[in-house]
Amino acid sequence: CLALDRPALLLFAILVGIAAGAVTLRLQWAAPLARRLPLLGSRLGVMANEPAEARPTRLHAVVLSTAVMASTLLASWLVLASMGWPANLQAQATMLGSVFLGFASSMLAFPIPVGLGVREAATAGIGALAAPEIPAAVLISIAIFARGWQLAVDMASLAIGLAMSRQGRAR
């Protein structure tokens with residue numbers, strides 16, 4: 001998103017992202033995780049002694065990775081658009097890049113629970129460096145709105161997961 005004005009760099013970043021996603025999809029990590037964390041594995045319904053699921057083919061992994069990347073970008077852009085921020089495509093892409101990098105940096109803040117405040121500060125800081133023409137109030141507002149939206153999505157996902165879990169136990 002930050003390289004929207006540099007097509008070669010943008011294409012390189014997209015290809016690296018798709019490749020990284022495809023490699024991650026092809027790794028068999030669920031079974032070893034379930035063996036190491038039996039309580040978590042049993043609660044999630046993953047049995048440690050089950051045979052590992054077949055890995056997706058390379059092509060399937062690339063398609064899935066591309067779909068995830070595209071849907072994440074679209075969903076994030078729609079959240080930004082829902083704020084009614086009247087900016088050009090370059091400014092919107094820069095802001096989305098800042099939000100994504102802020103999210104990534106919050107995962108690196110281990111001592112702080114859920115990176116509280118780190119994501120917002122990183123989003124505003126990266127946005128200020130990448131697009132100094134965007135007012136600080138807008139950067140902070142978008143960072144807080146994005147966090148609120150993510151919390152709403154997390155809560156909805158939790159509710160859906162609990163409902164599916166209860167429905168599965170009722171059968």
Side-chain angles (χ1 to χ4, degrees), residues 1-34 36 44 46 51-110 112 114-134 138-154 156-157 160-161:
C1 286
L2 295 178
L4 192 63
D5 59 341
R6 289 174 249 149
L9 183 58
L10 178 64
L11 180 62
F12 176 74
I14 289 170
L15 293 176
V16 167
I18 290 171
V23 167
T24 302
L25 284 169
R26 290 197 30 94
L27 292 176
Q28 292 182 342
W29 56 270
L33 179 64
R36 287 186 182 92
L44 292 175
V46 178
E53 292 182 19
R55 294 183 304 177
T57 64
R58 285 186 185 104
L59 178 62
H60 191 219
V62 168
V63 169
L64 287 173
S65 180
T66 303
V68 167
M69 187 180 254
S71 62
T72 300
L73 182 61
L74 177 63
S76 300
W77 181 79
L78 288 173
V79 168
L80 187 63
S82 73
M83 292 184 67
W85 185 42
N88 62 29
L89 183 61
Q90 178 64 47
Q92 289 177 359
T94 300
M95 196 61 237
L96 285 177
S98 301
V99 169
F100 293 147
L101 288 172
F103 180 82
S105 66
S106 71
M107 291 185 182
L108 300 175
F110 292 117
I112 302 169
V114 194
L116 190 61
V118 173
R119 183 182 309 177
E120 291 76 18
T123 298
I126 293 166
L129 290 174
E133 69 277 2
I134 300 174
V138 171
L139 293 170
I140 293 168
S141 296
I142 290 172
I144 291 171
F145 186 83
R147 172 59 75 107
W149 181 259
Q150 185 61 52
L151 289 173
V153 168
D154 289 348
S157 297
I160 291 168

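The model shown is predicted, which means the values in this text are computed figures rather than measured ones. When reading the values below, keep in mind they use all heavy atoms of this one structure, side chains included, and skip hydrogens, waters and symmetry mates.
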Can you name the closest pair of heavy atoms from T123 and G102 and give their distance?
OG1-CA, 3.5 Å
Just how far is it from atom CH2 of W149 to atom CG of L78, taken to the nearest 0.5 Å?
9.0 Å
With a 3.5 Å distance limit and no angle check, can you tell me whether T72 reaches the backbone of V68 through a side-chain donor-acceptor pair?
yes
Non-hydrogen atoms of L129 and P132 that approach each other most closely:
O-CD, 3.9 Å
Report the distance from atom SG of C1 to atom CG of L101, rounding to the nearest 0.5 Å.
9.0 Å
Do V99 and I142 have side-chain heavy atoms sitting under 4.5 Å apart?
yes
Quick one: do R58 and V62 satisfy side chain to side chain contact (heavy atoms under 4.5 Å, CB included)? Show the steps, please.
CA-CA 6 Å; R58 285 186 185 104; V62 168; 5.5 Å; no
Kindly compute the distance separating OG (S76) from CD (Q150), expressed to the nearest 0.5 Å.
8.5 Å
Point-to-point distance, once rounded to the nearest 0.5 Å, from CG of L64 to CZ of R26:
11.5 Å
How far does CD1 of I134 sit from CD of Q92, to the nearest 0.5 angstrom?
9.5 Å
Please report the shortest heavy-atom distance between L139 and A124, naming the atom on each side.
CD1-O, 3.6 Å
Taking atom OG1 of T66 and atom CG of L15, what is their separation to the nearest 0.5 Å?
9.0 Å
Can you tell if the side chain of T24 reaches within under 4.5 Å of the side chain of S65, non-hydrogen atoms only?
no
